[in-house]
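These notes concern the structure reproduced below.
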Amino acid sequence: MSTSDEKQVGYVYSEEYVDLCCKMPRLEDRARLVHHLIQAYNLVDKMKVARPKPASIEEICAFHSSDFVNTLQACHNFDMEDEITSEMTEYGLGYDCPLFPDVFSYASFVTGGTITAARLLTSRCCSIAINWFGGWHHAKRDMASGFCYCNDVVLGVLHLKTVFDKILYIDLDLHHGDGVEDAFLMTDKVFTLSFHKYAPGFFPGTGSISTIGKGKGQYYTLNIPLKDGITDQKYTDLFHEVFTNVMQAFQPNAVVCQFGADGLVEDPMRSFNLTSLSLGKCLSDILSYNLPTLCLGGGGYNFTNTAKCWCYLTSIILEQKLDTQIPEHQFFDRYGPDFELFLSPSNRSDTNESSYVKEIREKTLG
Ligand SMILES: O=C(/C=C/c1ccccc1NC(=O)c1ccccc1Oc1ccccc1)NO
Ligand SMILES: [Zn+2]
């Protein structure tokens, strides 16, 4: 019997948390834009707001090596003039993953945000939990990578596994969710499904269709490698087919989905030609199974489009229709010149020929 609070939607947020997320170089005020747009559409009051606390060292070491965590923690008062030691480079710190004074509190707070969201599901307080400021899917056990310092996704899945037997992880970011795939490659208890751009020289370079898991985990990893220009229709058709097949075969008890928005049209990554409707349709497919669901953010470097997208996804979760005009609020002027909630695709060519998509279908759906 589902009481009203079980339908509760948990939303991980605090002023302090958003402020800290804005300290990440290259992400500037993205978190603030996301939260304030969700607030401007009066969606926050419809959710159970959960204040995150930073993950403890012990919690982070449930996945990461203590050597790595100690090194990351030692960088906490690093400033740009300090030279990067070989030890830092050994752990992926300093170049691809820039160091900044609050790097450790940033990483532990974001990780704490995802663990807080996962706890809302394991405590049965909520049936859906959101941490739009998590989703850092590249970090490895002892290596920061692709601007990901701690892998909050892996730690969130590990927490869910204490209560739910089988977890389905879905990664919709433009980039392959390599850190999460690696962590669960050899287990049949976590199915990882990633849709991403797969092209020579494109980061992280993994995620080919031939990676299917190992040992007990064989056939519990599925990659859908895609090419530039994919459209909403082709993406959501492919997602629906693959996702329903995986649900039927794996029958998970909970779902974690990373909704990285760097595949959207007008993202600086300039790769896919998706609008928010794609991620929205994927989310609706996922919610139709009424399983405990953890929704995470990730990439997304056109900040206003990312805010529009995650605000739209929040409205789908809350089953609230939104006005297509961006409401007046503190950051209203950032949404010009159209002030429209929904994005329009560009007329870029779609390099995913039908023969290629047919080949993907045959190889993955058998
Ligand atoms: O989005 C990603 C990874 C991005 C990435 C990985 C390796 C090297 C560079 C990367 N990022 C970019 O090129 C990039 C381009 C435009 C704006 C922000 C960008 O990155 C980030 C990503 C996160 C935080 C800061 C910067 N994974 O989902
Ligand atoms: Zn990405």
Side-chain angles (χ1 to χ4, degrees), residues 18 20-34 72 80 89 91-104 106-107 109-111 113-114 131-140 143-154 156 169-183 192-207 223-228 230 235 256-274 276 278-279 282 295-307 309-310:
V18 165
L20 197 62
C21 288
C22 293
K23 291 201 191 285
M24 169 70 181
R26 303 287 298 277
L27 281 187
E28 289 84 20
D29 58 357
R30 190 182 78 165
R32 205 163 284 127
L33 281 170
V34 170
L72 186 63
M80 301 313 167
T89 322
Y91 291 110
L93 297 166
Y95 297 105
D96 227 4
C97 300
L99 288 168
F100 50 100
D102 297 303
V103 65
F104 185 72
Y106 164 77
F109 229 124
V110 163
T111 302
T114 296
N131 179 23
W132 290 133
F133 313 127
W136 302 106
H137 55 170
H138 296 307
K140 307 294 186 311
M143 175 77 83
S145 170
F147 293 93
C148 303
Y149 300 88
C150 290
N151 199 313
D152 64 290
V153 185
V154 170
Y169 172 66
I170 302 166
D171 192 303
L172 301 182
D173 191 283
L174 176 70
H175 300 86
H176 175 232
D178 56 342
V180 190
E181 177 180 284
D182 285 1
T192 60
L193 169 61
S194 180
F195 291 70
H196 48 269
K197 173 175 174 175
Y198 184 71
F202 186 73
F203 184 87
T206 50
N223 283 301
I224 305 294
L226 300 167
K227 300 177 183 173
D228 280 346
I230 194 162
Y235 189 90
V256 178
C257 193
Q258 196 265 24
F259 288 102
D262 42 6
L264 293 180
V265 63
E266 294 164 20
D267 190 275
M269 292 288 172
R270 301 200 57 69
S271 296
F272 288 174
N273 191 10
L274 302 177
S276 311
S278 278
L279 295 181
C282 295
C295 299
L296 301 173
Y301 309 110
N302 176 316
F303 296 169
T304 47
N305 281 1
T306 300
C309 180
W310 293 346

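Because the structure is predicted, anything quoted here is derived from the model rather than measured. Note that ligands are numbered from 1 as they come in the structure, with each ligand's atoms numbered from 1 the same way.
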Within 45° of the ring axis of Tyr106 and under 6.0 Å from its six-membered ring centre, is that where the NZ or CZ of Lys23 lies? no
Please tell me if the side chains of [X] and [Y] come closer than 4.5 Å, counting only heavy atoms from C-beta onward.
X	Y	value
Leu193	Ile224	yes
Gln258	Tyr169	yes
Trp136	Leu296	no
Phe195	Ile230	no
Tyr235	Leu226	yes

Contact atoms of ligand 1, heavy-atom distance to [X] under 4.0 Å:
X	answer
Asp173	27 (N), 28 (O)
Met24	24 (C), 25 (C)
His137	27 (N), 28 (O)
Met269	11 (N), 12 (C), 13 (O), 14 (C), 15 (C)
Pro25	25 (C)
Gly146	3 (C), 6 (C), 7 (C)

Say whether [X], considering both its backbone and side-chain N or O atoms, lies within less than 3.5 Å of an N or O atom on ligand 1.
X	value
Trp136	no
Asp262	yes
Gln258	no

In the protein, what heavy atom is nearest to [atom], and what distance, to one decimal place, separates them?
atom	value
atom 8 (C) of ligand 1	Asp96 OD1, 3.5 Å
atom 17 (C) of ligand 1	Arg26 NH2, 3.3 Å
atom 1 (O) of ligand 1	Tyr301 OH, 2.4 Å
atom 27 (N) of ligand 1	His138 NE2, 2.7 Å

Under 3.5 Å, is there a donor-acceptor pair between the Asp173 and His175 side chains? yes
Can a donor-acceptor pair be found between the side chains of His176 and Thr206 at a distance below 3.5 Å? yes
Nearest 10° is fine: what angle sits at the Zn ion (ligand 2) between OD1 from Asp173 and OD2 from Asp262? 110°
Could you check whether the rings of His138 and Phe203 sit parallel, tilted or perpendicular, using 30° and 60° as the cut-offs? perpendicular
Could you establish whether Pro204 and ligand 1 come within less than 4.0 Å of each other, counting only heavy atoms on the residue side? no
State the SG-CG distance between Cys21 and Asn131, to the nearest 0.5 angstrom. 7.5 Å
Does Lys227, at its NZ atom, have more than 12 non-hydrogen atoms belonging to other residues, nucleotides or ligands within less than 6.0 Å? yes
For atom 10 (C) of ligand 1, which candidate among Phe203, Phe202, Phe147 provides the closest heavy atom? Phe147
Is the distance from the Zn ion (ligand 2) to the nearest N/O/S atom of His175 under 2.8 Å? yes
